[in-house]
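Below: the structure, in structure tokens.
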Amino acid sequence: MAANKFNIIARSFSSSTAALQLAKPPIQVFGIEGRYATALYSAATKQKSLDVVEKDLIKFQGLLKTDAKLIEFVKDPSIKRSIKAEAIKAISNKINFNAATSNLLSLLAENGRLQKLNQVINSFKIIMAAERGEVVCEVITSKPLDADTKGKLDQVLKQFLTKGQSIQLTTKVDPAIIGGMIVSIGDKYVDMSISSKIKKYSDIITSTV
């Protein structure tokens, strides 16, 4: 089933038979955004334009944070998909994006998936980080980490790396987790937050009542 969806996306990038043989990324990314990112990786690999495509996506992601009109256009559900696709294609051409980048953006618009664009770009970033031997790690805590704790955490996380890899650590604060932390490193995810433990115990109690 997943393979069929990959092929559908790949066909949208190119009609050639060779394009249907997807290049395998160095790390697996999941969800709808993962499928689009993987198909884009395959297309860009065949074109030998991975670095260019990554720069395109980072640039467009920046526009999505600063260009109010573009943000409104992308989010407006009343605009037809075909109109969005044409507009996105025109923007891509004006900015001189790579063909693979332009095709991805147009495809997302045609399929009504533009709301997933940030997630697709982030998934592609994870793939590209792995391509360079970088392991993307995100740590979420209820309060900001002090320098000492962050340094110790960095040392612990490095134990998960293999030779030639380096860690790319980002930290976020979310008071809703109450305490503890949520760690994602590469394709691994561990929820050690107090909120998840409370939910677990609550579910157990509820099921026994």
Problem set entry | Approximate separation, where rounding is to 0.5 Å, of Q168 CD and E138 CD | 11.5 Å
Problem set entry | Any side-chain donor near an acceptor of the partner, T101 and N98, under 3.5 Å | no
Exercise. Can you find a pair of side-chain heavy atoms, one from L50 and one from T45, that are under 4.5 Å apart?
Worked result: yes
Problem set entry | Check against side chain to side chain contact (heavy atoms under 4.5 Å, CB included), Q61 and K125 | CA-CA 11 Å; Q61 195 171 41; K125 284 180 178 178; 2.6 Å; yes
Exercise. Can you tell if the side chain of F124 reaches within under 4.5 Å of the side chain of L104, non-hydrogen atoms only?
Worked result: no
Seminar exercise, completed: Closest heavy-atom pair, K84 versus D76, reported as atoms and distance to 0.1 Å, is NZ-O, 2.8 Å
Exercise. Would I140 and V173 satisfy side chain to side chain contact (heavy atoms under 4.5 Å, CB included), going step by step from the backbone distance to the final call?
Worked result: CA-CA 6 Å; I140 304 174; V173 175; over 6 Å; no
Exercise. Hey, is R132 close enough to E54 for a salt bridge, meaning N to O under 4.0 Å?
Worked result: yes
Problem set entry | Identified side chain to side chain contact (heavy atoms under 4.5 Å, CB included) counterpart of V139 within the set I182, I185, L157 | L157
Problem set entry | Enclosure of F30 CZ (heavy-atom neighbours >12, cutoff 6.0 Å) | yes
Problem set entry | Distance-only donor-acceptor check, side chains E131 and Y41, under 3.5 Å | yes
Problem set entry | Considering all heavy atoms, the nearest Q119-Q115 contact | OE1-O, 3.4 Å
For this session: Indicate yes or no: at least one non-hydrogen side-chain atom of S102 is less than 4.5 angstrom from one of K89.
Result: yes
Exercise. For L117 and L64, which heavy atoms make the closest approach, and how far apart are they?
Worked result: CD2-CD1, 3.5 Å
Exercise. Do L169 and C137 pass the side chain to side chain contact (heavy atoms under 4.5 Å, CB included) test, and can you show the C-alpha distance, the side-chain angles, and the key distance before you say yes or no?
Worked result: CA-CA 5 Å; L169 177 63; C137 178; 3.8 Å; yes
Problem set entry | 4.5 Å side-chain heavy-atom contact, R113 and L107 | no
Exercise. Does any N or O in the side chain of S42 come within less than 3.5 Å of the main-chain N or O of T38, such that one atom is a donor and the other an acceptor?
Worked result: no
Exercise. Is there a donor-acceptor pair closer than 3.5 Å between any side-chain N or O of S142 and the backbone N or O of I178?
Worked result: yes
For this session: Indicate the atoms forming the closest heavy-atom contact of S123 with A37, along with that distance.
Result: CB-CB, 3.7 Å
Exercise. Side chains of I79 and F73: closer than 4.5 Å at any heavy-atom pair?
Worked result: yes
Problem set entry | By side-chain hydrogen bond (donor to acceptor under 3.5 Å, both in side chains) - contacts of T162 (at least two apart) | Q165
For this session: Of all the heavy-atom pairs spanning V136 and I126, show the shortest one and how long it is.
Result: CG2-CA, 4.2 Å
For this session: Check step by step if side chain to side chain donor-acceptor pair (under 3.5 Å) holds for D146 and T149.
Result: CA-CA 5 Å; D146 57 51; T149 303; 2.9 Å; yes
Problem set entry | Electrostatic pair K152:D148 at N-O distance under 4.0 angstrom | yes
Exercise. Any side-chain heavy atom of I127 within less than 4.5 Å of one from P26?
Worked result: yes
Exercise. Hey, are the side chains of L108 and Y36 touching, using non-hydrogen atoms and a 4.5 Å cut-off?
Worked result: yes
Exercise. Under the side chain to side chain contact (heavy atoms under 4.5 Å, CB included) criterion, do L105 and F97 qualify, and how do the steps go?
Worked result: CA-CA 10 Å; L105 298 176; F97 278 167; 4.0 Å; yes
Exercise. Short question: side chain of S196, backbone of S193 - any donor-acceptor pair under 3.5 Å?
Worked result: yes
Exercise. Of all heavy-atom pairs between A100 and Q47, which one has the smallest distance, and what is that distance?
Worked result: CB-OE1, 3.7 Å
